[in-house]
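We use all heavy atoms of the structure for the numbers below, so side chains are in, but hydrogens, waters and symmetry mates are not.
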Amino acid sequence: MRYLKLFITFFLLTTGFNLSAQQAASNQKMQWFADAKLGIFIHWGIYSVNGISESWSFFNNYINHDAYMKQLNGFNAAKYQPAEWVNLIKESGAKYAVITTKHHDGVALWDSKMPNATTTVKHSAAKKDLITPFVADLKKSGLKTGLYFSLPDWSYTDYDGFTRDRKRYDYKQDPARFKKFQNYFQGQLNELSNQYNPDLVWFDGDWEHSGEEWQAKNILENLRKVNPNVIINSRLNGHGDYDTPEQGVPVVRPASPEWELCYTMNDSWGYQPYDNHYKSSNMIIRTLVDCISMGGNLLLDIGPKADGTIAPEQVKILKGLGRWTQKHAEAIYGTQAGISNGHIAGKTTLSKNKDVLYLYLDYKTKNGILLSGIKSKINKIEVVGSKAQPYTIKLNETDYLLNFKEADFDSDVTVVKVSLNGPIQLAEDKQETLSLADLYAAPKQRGLTNLNLSKLATNLNSGINVFQNTSLPVDGLDFNPGINNVDQKISNWVIKNAEALYKTGKGIPSGHYQGNTALSADKQTLYLFVEGKPTGPVAIKGLKNNISRIRVVGEGTMLNHEIYNKLYWSKIPGIVYIPIPEDKLDNELTVIAVLLDGPIDLYREKVGAIESNL
């Protein structure tokens, strides 16, 4: 018995050691990916000839398969310069690229030797291997190599799937034929692995079969024979290393330690000449900030033309992104998810050892920026990219007011570096409730009016409305708070924005909007409190409702909005962007009213890979 106990103890110790070693190896394998933060996705294929949906256009019967495949004759790659692509990708600040080697249409962009393969070498006007020179230049540049590979092949005669309405055969009734397909796509994967030794393989289309039918374990085993540290995305029926949400920027941080948002610049993956719904560089930069603040990566897509050139709109976005990433590199790469919401009106990240807090501000203000709840001692505060130090007022033991000069602000997102004396410690979250007397009291220091309004907005956001039991009318007229020696700016602001204070209740949960919010009593009007002068349109994520109208509170001015990345097949809402004219911004705190088609309804579900496009 004694020897049995010793054996069990030894077994448990060695098993624990092996598990720890495996975990350490996994963490080490994922480290470059976790540090990279930005990658570029490339959707290039014959679909760029007609500028139609990649593969889906024939699957959904928008065009028949024969007509779709005739695009091979126009896919010439005549102006393809892979080195220029790599230079542009590197200039954007990306640390890796993922290129489509084969989409669901089955057209291989490399010289696949598998029998009956459709390739750009043998069947397209280009008559060449398009992957090899790109990967060679990518590796030469020091960027990591990612290869996209579609598991389904809707053009391969021994694959069961063909179009939405037509199947070639029932794979369960003809396993021998399906086995031919399994050998075919496994062979192609082995070619890619052996020829290019990718750092990352990006699978797609796993919804059509189970992990067993895709032979997922065999795929992983073969890939790891060539590169034990190869990283796999989550679209291999649960066998991947990280989550890949598509188009919808997560509202809350995904559960996976590593994750990556794949995201288009307009509404299309491949090149479509009439899709001009491009986001601005500002919007893309802020999306990158959104991702890194939650510990994730952004995989931003470009869709080259059939001749191999990249549309000028896409080049402009990449260069605008590159301007920002080059200036703020220390606050991007190698950072981790930031602190909880509520400490500042903006996003945050932390350095690896958590002794540096980075603040991301997508607005400019002369009123100062409140940083609250920081228990750690602050050694230094400076603006990344300029080393400018703000004039800082320490309000109490944990709260600071940071004042910046106009020249300190970046045109897109300003980054502030807060250096601490050790790993960050946060004060307990205690809601400071303002009384009417505190709100209206003339400030003891000049320029602190906005601070009280920010606190008021924070109170409203958490459901504390100091005006609830007062005589404040909805239009604010003739309201007398009964306070002596009032701050006239506060009085004027309250009267102007009374609508947002009259019987309003708790705002929406954090993650949907960057700042504070409140809801009308019927929950059909959402009030957004907008700090300073935004550098671009303000954004709302996860709003299921239709918007009836948007206006500036106290002004009545109607505002337009645009929705980006709303996919017809996905239940995830697009992002609502609201541009606010500069001349309609309040000097203290702007309030925007968003009237909805019913009580507010928010999307706030777990982020996974992606649902089927079917």
Side-chain angles (χ1 to χ4, degrees), residues 42-78 80 98-135 147-164 166-169 171 177-196 198 201-206 208-209 214 219 269-271 303-308 613:
I42 304 167
H43 273 72
W44 196 30
I46 66 171
Y47 37 85
S48 60
V49 173
N50 291 349
I52 58 179
S53 298
E54 59 290 334
S55 307
W56 293 99
S57 46
F58 78 78
F59 183 89
N60 288 324
N61 301 306
Y62 302 155
I63 182 174
N64 67 46
H65 183 258
D66 288 350
Y68 179 92
M69 296 303 284
K70 283 179 181 177
Q71 292 179 104
L72 283 162
N73 300 325
F75 191 67
N76 57 40
Y80 176 41
V98 179
I99 188 169
T100 47
T101 62
K102 184 187 76 167
H103 207 269
H104 312 322
D105 59 15
V107 179
L109 272 65
W110 79 100
D111 188 16
S112 177
K113 304 298 185 184
M114 294 303 294
N116 301 319
T118 302
T119 70
T120 53
V121 176
K122 296 175 185 175
H123 302 97
S124 79
K127 298 297 179 188
K128 54 189 172 187
D129 174 352
L130 303 173
I131 299 298
T132 298
F134 176 74
V135 171
L147 301 181
Y148 168 107
F149 184 83
S150 168
L151 292 163
D153 188 328
W154 293 332
S155 295
Y156 189 70
T157 54
D158 285 316
Y159 183 58
D160 60 326
F162 184 42
T163 70
R164 179 181 294 276
R166 297 173 66 183
K167 289 273 190 182
R168 290 189 177 89
Y169 63 95
Y171 71 94
R177 190 174 178 185
F178 192 67
K179 182 67 177 176
K180 287 182 182 179
F181 168 69
Q182 289 174 321
N183 292 337
Y184 170 76
F185 90 80
Q186 290 275 7
Q188 286 197 321
L189 272 173
N190 290 338
E191 287 179 344
L192 292 172
S193 183
N194 287 309
Q195 286 178 225
Y196 305 119
V201 179
W202 214 100
F203 288 106
D204 200 11
D206 65 345
E208 291 207 336
H209 287 284
W214 290 127
I219 288 173
W269 293 106
Y271 175 68
K305 299 179 182 180
D307 65 0
N613 300 44

**Message:** For Phe185, run the ring pair (Phe, Tyr, Trp, His ring centres under 6.0 Å) check against Phe203, Tyr159, Tyr156, Trp214 and tell me which one passes.
**Reply:** Trp214

**Item:** Test side chain to side chain donor-acceptor pair (under 3.5 Å) applied to Trp269 - qualifying residues, sequence neighbours left out
**Value:** none

**Request:** Tell me, please, which residues at least two apart from Ala78 pass side-chain contact (heavy atoms from CB on, under 4.5 Å).
**Result:** Asn76

**Item:** With Gln195 via side chain to side chain donor-acceptor pair (under 3.5 Å) - residues at least two apart
**Value:** none

**Request:** Check Ser55 against Tyr68 and note the closest heavy-atom contact, atom names and distance.
**Result:** N-OH, 3.0 Å

**Request:** To the nearest 0.5 angstrom, please state how far the CG atom of Leu189 sits from the CD1 atom of Ile219.
**Result:** 5.5 Å

**Message:** Once side-chain contact (heavy atoms from CB on, under 4.5 Å) is applied, do any residues pair with Asp160, and if so which ones, sequence neighbours excluded?
**Reply:** Lys167, Tyr169, Tyr171, Phe178, His209

**Message:** Do Thr132 and Tyr196 have side chains that approach each other closer than 4.5 Å (heavy atoms only, starting at C-beta)?
**Reply:** yes

**Request:** Grab the two heavy atoms, one from Ala306 and one from Val49, that are nearest each other, plus how far apart they are.
**Result:** CB-CG2, 3.8 Å

**Message:** Suppose the criterion is salt bridge (charged side-chain N to carboxylate O under 4.0 Å, His left out): which pairs have a residue in residues 177-187, not counting sequence neighbours?
**Reply:** Asp158-Arg177

**Message:** Distance check, rounded to the nearest 0.5 Å: Asn61 atom CG versus Ile63 atom CD1?
**Reply:** 11.0 Å

**Request:** Report the distance from atom OG1 of Thr118 to atom NE2 of His123, rounding to the nearest 0.5 Å.
**Result:** 5.5 Å

**Asked** What pairs with Ser124 under side chain to side chain donor-acceptor pair (under 3.5 Å), at least two apart in sequence or on another chain?
**Response** none

**Request:** Supply the atom-to-atom distance Phe181 CZ to Thr157 OG1, rounded to the nearest 0.5 angstrom.
**Result:** 11.0 Å

**Request:** Apply side-chain contact (heavy atoms from CB on, under 4.5 Å) to Ile52 and Tyr62, showing your working.
**Result:** CA-CA 9 Å; Ile52 58 179; Tyr62 302 155; over 6 Å; no

**Message:** Are Tyr184 and Asn116 packed together at the side-chain level, in the sense that at least one heavy-atom pair is separated by less than 4.5 angstrom?
**Reply:** no

**Request:** List the atom of Val107, the atom of Ile46, and the distance in Å for their closest heavy-atom pair.
**Result:** CG2-CD1, 4.0 Å

**Request:** Can you sort out the partners of Asp153 under salt bridge (charged side-chain N to carboxylate O under 4.0 Å, His left out), two or more places apart, ordered by chain and number?
**Result:** Lys102

**Asked** So how far is it from Tyr148 OH to Thr101 OG1, rounded to the nearest 0.5 Å?
**Response** 8.5 Å

**Request:** Could you list the residues that satisfy ring pair (Phe, Tyr, Trp, His ring centres under 6.0 Å) with Tyr80, not counting sequence neighbours?
**Result:** Trp44, Trp85

**Nearest non-hydrogen partners of Ser155 and Met69, listed with the distance** = OG-SD, 3.9 Å

**Request:** Looking only at non-hydrogen atoms, find the nearest pair between Asp129 and Val121 and report the distance.
**Result:** N-CG2, 3.4 Å

**Request:** Indicate yes or no: at least one non-hydrogen side-chain atom of Leu147 is less than 4.5 angstrom from one of Val98.
**Result:** no

**Message:** Using only atom types and a distance under 3.5 Å, with no angle test, would you say the side chain of Gln186 pairs donor to acceptor with the backbone of Asn183?
**Reply:** no

**Message:** Taking side-chain contact (heavy atoms from CB on, under 4.5 Å) as the definition, give me every residue that meets it alongside Ala108, ordered by chain and number, with sequence neighbours left out.
**Reply:** Trp110, Ser112, Thr119, Gln188

**Asked** Do Ile42 and Pro304 have side chains that get closer than 4.5 Å, going by heavy atoms?
**Response** yes

**Message:** Among residues at least two apart in sequence or on other chains, which ones pass salt bridge (charged side-chain N to carboxylate O under 4.0 Å, His left out) with Lys113?
**Reply:** Asp111

**Item:** Sub-6.0 Å ring centroid separation between Trp56 and Tyr47
**Value:** no

**Prompt:** Which distance, rounded to the nearest 0.5 Å, do you find between the CZ of Phe134 and the CG of Leu109?
**Reply:** 11.5 Å

**Prompt:** With sequence neighbours left out, which residue pairs that include part of residues 53-71 fulfil the salt bridge (charged side-chain N to carboxylate O under 4.0 Å, His left out) condition?
**Reply:** none

**Complete:** side-chain contact (heavy atoms from CB on, under 4.5 Å) test vs Trp154 passes for just one of His104, His65, His103, namely His104

**Complete:** Smallest heavy-atom separation, Leu130 atom then Ala77 atom, equals CD2-CB, 3.9 Å

**Item:** Residues forming a side chain to side chain donor-acceptor pair (under 3.5 Å) with Tyr271, sequence neighbours excluded
**Value:** none

